[in-house]
Amino acid sequence: MTTSTATPTAASSTYRTRIHGDIARWSRTLIPTAKEPPADAEAPSHKLLVRAGYIRRVTAGVYEYLPLGWRVLRKVSQIVREEMNAAGASEMLMPALAPTELLRETGRAEDYGDLLFRFEDRHGRDSYLGPTHEEVITDLMRQVVSSYKQLPLNLYQIQTKYRDEFRPRAGLLRGREFLMKDAYSFDMTLEGLNEAYDKMYQAYTNIFTRCGLDFTVVEAEAGPIGGSASHEFMVNCETGEDTILVCPESGYAANVEKCEIGERPAPAVGFFVGEPSGALEEVHTPNCPGIDDVCAFMKVKPQNMLKTVVFKVVKQSEEEEKNFPGDWWVVAVVRGDHDVNEGKVREISECKLVLADPEEARKSGFEIGFVSPRAAVGKPQTLIIVDPDAAVGMDAAKGKPMFWVTGADKKDHHVKHFNWQRDLGKDPVSSCADKKDCFFEVGSIRNAMAGDPSPRAKGAMLEARRGIEVGHIFKLGKKYSSAMGFKVSGEDQKLHEVIMGCYGIGVSRTVASAVEMAFDDDGIVWPAAIAPYHVLITVMKPGDAKSMEVAEQLANEMSELGLDVLIDDRDERPGSKFKDADLIGIPVRVTIGEKGLAESAVEFKLRSDSGKGSFVAIAEAAGKCSDATAAAGA
RNA sequence: CGGGGUGUAGCGCAGUUUGGUAGCGCGUUUGACUGGGGGUCAAAAGGUCGCAGGUUCAAAUCCUGUCACCCCGACCA
């Protein structure tokens with residue numbers, strides 16, 4: 001592996017010695033290219049990486065990295081390594097295999113469920129293959145770190161990870177075995193954590209910039225891993241699995257789960273106010289628990305439905321259980337074309353929630369699938385939250401009373417002409433005010449969508465884009481140190497739980513997303529920094545002594561300049577060699593043929609240029625390749 | 001976990017309805033011609049038709065079971 005002569009960040013200064021580039025011969029390595037992709041490949045990166053001989057599938061979601069693929073993976077790893085080291089983190093290696101009892105300490109043995117690769121060894125010990133390593137590192141740390149003087153620390157590894165995805169797909173983008181960099185920071189104070197986090201944010205920005213990727217950093221929910229803040233690094237790409245929302249004016253960007261919605265104007269007449277659109281009418285809707293089913297059956301639009309989602313409150317302490325005995329519920333109401341955002345419901349309700357079990361909810365009077373706000377209003381131990389877009393009585397656009405369809409609170413029935421005031425009381429909010437254990441409020445509880453007002457710039461609208469998540473940084477807080485008893489002595493001579501952060505990069509996914517981002521009809525177009533080789537020397541007549549001599553000489557010169565060179569010395573027809581060259585996507589191609597040699601020249605062409613290329617004197621070729629790769633960021 | 005689908009040569013596929021000697025294209029090997037964008041001709045190698053039972057004189061084909069894989073949805077540190 002090499003570094004080039006012109007690495008743009010401070011990390012390159014770690015190299016004191018001149019490192020020569022690699023030279024390889026196509027005929028003596030393994031690059032099995034194919035005209036047709038395997039039938040199971042769908043994503044462009046999957047098709048191309050297989051066709052170009054980078055990877056092969058071994059079983060669902062598991063791939064071999066052939067020589068070219070492994071080189072790319074190592075290039076990305078090396079960039080990650082350099083930037084992590086420059087940010088003050090230390091590399092180590094944890095095992096992929098660990099005892100499940102570690103996960104029991106934090107409850108994640110259950111939380112992960114089937115996603116965890118688990119098995120018993122011959123002694124009957126329950127083991128797992130690590131999907132991530134919070135428990136392992138915390139276990140290590142609690143053994144070896146006992147004083148604040150040993151902190152702060154940031155430790156990372158580049159390790160194969162395992163997740164038993166139910167449906168692996170898209171080649172390297174969602175595999176069951178994948179290469180990941182994971183880092184863990186340990187601090188005594190919140191300020192320390194914030195500093196560590198900001199350093200990682202910067203390191204990640206450097207890493208993905210150096211990899212030549214076009215990416216967006218978005219605010220994200222911390223998710224099941226817990227914690228208080230997080231950002232995702234998303235490669236901008238139409239084929240991406242994830243939707244992100246961005247504000248074109250302020251630069252605010254967030255994923256769908258996290259994205260806030262700017263102030264939505266309340267109806268001019270006030271929330272819930274409006275005459276009924278007609279008499280309440282019950283409709284038999286057999287086998288229609290879902291919004292789409294009902295809409296198709298009743299021929300109404302989702303915008304005219306009220307969706308009612310029932311959550312159960314999870315009490316987190318015995319004290320809570322004592323103060324609030326029995327089952328408590330949170331009922332979220334949104335418009336049928338919107339999605340309830342559990343995080344936002346949680347924030348407003350200030351409770352830990354789970355989606356109610358249908359059976360259990362039914363016993364308490366919620367006919368799941370057919371619930372309406374009527375089932376919840378005035379009900380004890382229940383909080384109702386209605387999204388502003390659902391809390392309207394007048395259809396402002398049409399100037400008519402709002403036509404609502406919602407559940408009939410009995411199986412296989414819905415009602416139409418639902419009206420907030422008539423069916424819930426003259427003023428739904430105050431109707432609950434005099435009961436001390438029933439609550440009713442209007443709050444923003446749905447996922448943001450394209451077209452929603454920006455939360456950061458007045459008048460701007462959110463836009464939706466697609467992306468591939470390649471990096472994710474979290475502020476974990478004390479979740480793991482607390483669960484696993486990782487405490488150290490502070491300056492005050494007292495024990496303190498350590499504050500953690502964790503920082504992941506999907507290395508193999510980064511490789512695939514680089515391809516998703518840059519390819520054309522002919523094949524891959526690698527960013528120079530992560531291409532398996534910088535230069536491909538295509539020898540038209542490998543049987544010709546003069547041609548091969550020039551090829552070797554050029555390769556040596558380039559290697560001296562730190563370039564990695566692949567010589568296509570195969571005795572193939574020119575057409576095949578050019579097709580293969582475009583397919584594997586090496587950034588610079590130098591062609592050695594009779595035309596040029598007669599003039600002591602070779603042909604120089606960038607993969608990213610569609611033109612024919614140009615002739616360059618042999619003496620200048622190596623330098624030109626070096627300049628071109630440096631200009632492309634390698 | 002719901003719905004749909006596929007397993008036949010290294011890759012892509014036909015053949016299965018109506019049981020009767022295992023096929024095509026690409027790739028591979030050999031030879032000749034060719035030689036700047038996947039060439040031409042000639043010859044050749046390569047398959048227990050996913051696996052296990054069953055029906056039958058006879059099974060890639062029909063029946064039963066099983067395994068693997070893919071797509072859509074749900075889910076997703």
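The chains referred to below are lettered A, B, ... by the order of the sequence lines, with proteins before strands, and numbering in each begins at 1. Computed from a predicted structure; not experimentally measured.
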Select one nucleotide: of B:rC71, B:rG25, B:rG10, the one nearest the side-chain heavy atoms of A:Arg56. B:rG10
Can you identify which nucleotide, out of B:rC69, B:rC13, B:rA74, has its nearest atom closest to the A:Arg57 side chain?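 Shortest atom-to-atom distance from the side chain points to B:rC69.
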Determine whether more than 12 heavy atoms belonging to other residues, nucleotides or ligands lie under 6.0 Å from atom CD of A:Glu594.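 12 or below, so no.
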Any chance CZ of A:Arg465 has more than 12 other-residue heavy atoms, nucleotides or ligands included, within less than 6.0 Å? no
Who does [N] pair with, Watson-Crick or G-U, both distances under 3.5 Å?
N      : answer
B:rA32 : B:rU40
B:rC13 : B:rG23
B:rA68 : B:rU6
B:rG73 : B:rC1
B:rU55 : none

Regarding [X], tell me which of base, sugar-phosphate or nothing describes its non-hydrogen contacts under 4.0 Å with the strands shown.
X       : answer
A:Pro38 : sugar-phosphate
A:Glu42 : sugar-phosphate
A:Pro32 : nothing

Which value, in whole Å, describes the distance between the [atom1] atoms of nucleotides [N] and [M]?
N      : M      : atom1 : result
B:rG37 : B:rG47 : C1'   : 34 Å
B:rG53 : B:rC13 : P     : 30 Å
B:rC62 : B:rG7  : P     : 12 Å
B:rA9  : B:rA44 : C1'   : 14 Å
B:rG10 : B:rG27 : C1'   : 7 Å

Determine the interplanar angle of the A:Tyr201 and A:His231 rings, folded into 0 to 90°, and report it as parallel if under 30°, tilted if 30 to 60°, perpendicular if over 60°.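 Rings of A:Tyr201 and A:His231: perpendicular, over 60°.
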Under 3.5 Å donor-acceptor pair, A:Arg108 side-chain atoms to B:rA77 base atoms: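 Looking at the base of B:rA77, it does not pair with any donor or acceptor on the side chain of A:Arg108 (distance under 3.5 Å).
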Let's test your reading of the model: under 3.5 Å, does the base of B:rC76 pair with the side chain of A:Arg163 as donor and acceptor?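 Looking at the base of B:rC76, it does not pair with any donor or acceptor on the side chain of A:Arg163 (distance under 3.5 Å).
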Taking ring-ring contact (aromatic ring centres under 6.0 Å, His included) as the test, write out the residues that go with A:Phe117, two or more places apart. none
Starting at atom NZ of A:Lys475, determine the distance to atom P of B:rA77, rounded to an integer number of angstrom.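 Rounded to whole Å, this separation is 20 Å.
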Please lay out, stage by stage, how A:Arg509 and A:Glu516 fare under the test salt bridge (Lys or Arg N to Asp or Glu O under 4.0 Å). CA-CA 10 Å; A:Arg509 183 183 272 190; A:Glu516 291 287 332; over 6 Å; no
Are A:Lys479 and A:Glu134 close enough for a salt bridge, meaning some N to O gap below 4.0 Å? no
Please identify which of these residues, A:His46, A:Arg56, A:Arg176, A:Glu177, meets the side chain to side chain donor-acceptor pair (under 3.5 Å) condition with A:Tyr63. A:His46
Per-nt protein contacts along nucleotides 34-43 of chain B (heavy atom under 4.0 Å; B base, S backbone sugar-phosphate only, - none) come out as BBBBBB----
